[in-house]
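Chain A is the first sequence line, chain B the second, and so forth, proteins listed ahead of strands; every chain is numbered from 1. This is a predicted model, so every value here is computed, not measured.
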There are 2 protein chains.
Amino acid sequence: MGKEEHPNISVDCVIFGFDFEKLNVILIERKLIEPDTGKRLINDYTLPGAHIFKDEPLKKAAQRILYDLTGLHDIYLEQFYTVGDPARLKNPVDQFWLECIGKDPAEHVVSVCYFSLLNCNQVTIQHKERNPRWYPLKDLPVLAFDHAHILDKAMTALRRKLQYEPIGFEMLPDKFTLSQLQKLYEVVFDTTIDKRNFRKKIARLKYLVQLDEKQQGVSHKPARYYIFSNEEYKKTRNNILNFTI
Amino acid sequence: MGKEEHPNISVDCVIFGFDFEKLNVILIERKLIEPDTGKRLINDYTLPGAHIFKDEPLKKAAQRILYDLTGLHDIYLEQFYTVGDPARLKNPVDQFWLECIGKDPAEHVVSVCYFSLLNCNQVTIQHKERNPRWYPLKDLPVLAFDHAHILDKAMTALRRKLQYEPIGFEMLPDKFTLSQLQKLYEVVFDTTIDKRNFRKKIARLKYLVQLDEKQQGVSHKPARYYIFSNEEYKKTRNNILNFTI
DNA sequence: TAACATAGTGTTAGTTCTACACTTAACTAT
DNA sequence: ATAGTTAAGTGTAGAACTAACACTATGTTA
């Protein structure tokens with residue numbers, strides 16, 4: 001018991017990655033092989049996801065599945081949406097694919113979706129079997145199933161999260177510069193922010209703590225590093241940043 | 001097909017009701033009858049919820065289950081959370097109850113949760129079999145399962161919703177007075193708001209349209225009615241009211 | 001017609017928001 | 001060494017918004 005897959009419940013993970021320049025998302029390959037010839041019939045991409053085990057808590061399943069497919073572990077995952085329309089896997093391509101991988105194409109699969117936001121540079125994707133890697137959100141390949149829809153919902157959830165929990169604090173690098181933080185908001189909200197106004201705004205936030213440390217090896221004036229103070233945050237979590245979408 | 005219950009997937013509905021005075025929530029009775037004597041062993045309360053049918057879309061299932069248990073139909077329901085820890089129904093009372101009603105107590109039941117906010121006075125609860133009715137949020141009876149936890153999550157979701165979608169517009173009575181609207185915010189956020197400031201704030205919102213109609217039969221100066229204009233709302237959905245929690 | 005109850009209205013001081021341009025500090029190339 | 005390059009870092013003024021505050025208006029009821 002415990003290792004048998006639940007036929008009706010799956011988990012999908014939308015892992016956003018910020019590389020100080022743009023937003024990316026982890027996708028893995030879906031290879032649809034023609035059974036007889038071994039020819040690749042379709043080669044689209046999916047979010048990392050799989051069926052949970054029977055009697056596995058959803059949160060643990062999400063962690064396990066993300067690890068199995070990408071090698072990422074101990075990632076903060078936030079549940080944001082559950083898709084459960086039986087029609088969602090009923091198009092011919094998906095039906096054929098389900099048969100190929102030995103799943104019952106008639107099953108109604110409810111998928112519980114989680115998202116996270118990571119620093120691409122602080123994280124290493126491993127477990128290359130299905131070739132997981134970062135794809136820029138602005139330049140995505142074709143997505144399988146209803147994963148474009150899930151990704152859309154995830155983006156909305158991410159924006160809301162960054163609005164009411166100002167920094168995406170579980171999700172930030174240990175230390176960061178204010179320009180990097182500003183860029184994060186800019187790419188998530190797809191906007192530009194005035195540097196001085198941004199700094200004034202977050203100067204009010206007590207839980208952003210300036211370090212003495214500076215950037216090194218950059219060919220310009222080095223920026224000061226900041227850290228996020230969880231203790232201070234708990235005291236003042238009522239302050240809501242209001243970057244209008 | 002279609003009418004067989006799915007053993008692993010259920011839906012729970014948190015229906016908030018505003019009566020111009022306080023927030024309420026619909027609960028139904030869980031009667032635990034001792035099989036031999038017919039004696040009532042425990043009498044706690046649950047959110048309206050049930051298993052979905054196989055091959056039933058989640059959203060439709062939520063609508064159906066809410067109708068079956070309370071008689072409410074065509075209610076806007078917003079999905080906010082999915083609970084899926086196998087331990088959630090594993091305490092002795094719930095296990096015994098599951099046996100009594102003929103369900104397999106070993107099953108891992110994932111529950112997809114929806115909430116709504118209604119005007120108590122504009123809605124009639126029917127289907128009295130399990131005695132559904134409004135209970136004041138501030139004075140709740142004992143809740144079965146993990147329903148207190150779900151209710152807590154629902155309250156958070158409701159507050160967020162009222163923050164970024166200023167009026168809970170799917171959820172309002174057709175016409176309302178500004179005092180009623182203010183009271184709604186006051187009870188949801190458990191705070192008091194200055195009348196003049198509140199009115200100034202929402203006077204900016206183009207999608208609140210004043211009617212010529214006034215209250216009738218009240219023993220004081222009658223208030224003007226307002227309606228919510230969906231068309232105007234779509235134009236200006238970027239304005240975010242900021243009632244700090 | 002007086003008492004009651006809730007509706008409805010303005011001002012001021014403090015805070016936040018927006019728009020906008022120059023100097024600084026490190027490195028790089030000559 | 002020196003000039004050029006790059007991004008860091010900084011202030012101000014006008015507009016908009018927020019918070020705190022008390023009285024008048026309009027209907028009903030006794």
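Between the CG atom of B:L181 and the C1' atom of C:dA7 there is a distance of 15 Å, given to the nearest Å. The CD atom of A:Q216 sits 17 Å away from the C1' atom of D:dA7 (whole-angstrom rounding). Look at NZ on A:K221: it is 20 Å from P on D:dG4, rounded to the nearest Å. Rounded to whole Å, the distance from CZ on A:R224 to C1' on C:dA25 is 13 Å. Put simply, CD1 on B:I193 is 16 Å from P on D:dC21, counting in whole angstrom units. As rounded to whole Å, 17 Å separates atom P of C:dT16 from atom CZ of A:F198. A:R196 has its CZ atom 6 Å from the C1' atom of C:dC20, to the nearest Å. For B:I202 and C:dG8, the CD1 to P distance is 10 Å, given to the nearest whole Å.
In this model, a side-chain donor or acceptor of B:K195 finds a partner on the base of C:dG8 within 3.5 Å.
Here B:R204 reaches the OP1 or OP2 of D:dT18: one of its side-chain N or O atoms lies under 4.0 Å away. A close approach under 4.0 Å does not occur between any side-chain nitrogen or oxygen of A:K200 and OP1 or OP2 of D:dG11. Side-chain N/O atoms of A:K214 include one lying less than 4.0 angstrom from OP1 or OP2 on C:dA26. Checking the phosphate oxygens (OP1, OP2) of D:dG9, a side-chain nitrogen or oxygen of A:R199 falls inside 4.0 Å. Put simply, A:S179 has a side-chain N or O that comes within less than 4.0 Å of OP1 or OP2 on D:dA8.
The listed nucleotides are C:dC20, D:dA8, D:dT18; the one nearest the side chain of B:K201 is D:dT18. Distance from the side chain of A:S219 is smallest for C:dT28 among the nucleotides C:dT28, D:dC21, D:dA8.
At a threshold of 4.0 Å, the pair B:R159-B:D190 does not count as salt-bridged, since none of the basic side-chain nitrogens sits closer than that to a carboxylate oxygen.
More than 12 non-hydrogen atoms from other residues, nucleotides or ligands lie less than 6.0 angstrom from NZ of A:K31.
Put simply, the side chain of B:T46 does not reach to within 4.5 Å of the side chain of B:D12, judged on heavy atoms.
In this structure, A:R30 is positioned above the aromatic face of A:F145, its NZ or CZ under 6.0 Å from the six-membered ring centre and within 45° of the axis.
Mapping B:D194 and B:T177 onto DNA chain C by nearest heavy atom places B:T177 closer to the 5' end of the strand. Comparing A:N197 and A:A223 by the nucleotide of DNA chain D that holds the closest heavy atom to each, the one mapping nearer the 5' end is A:A223.
Between A:F176 and A:Y226, the two ring planes are parallel [angle under 30°; tilted spans 30° to 60°].
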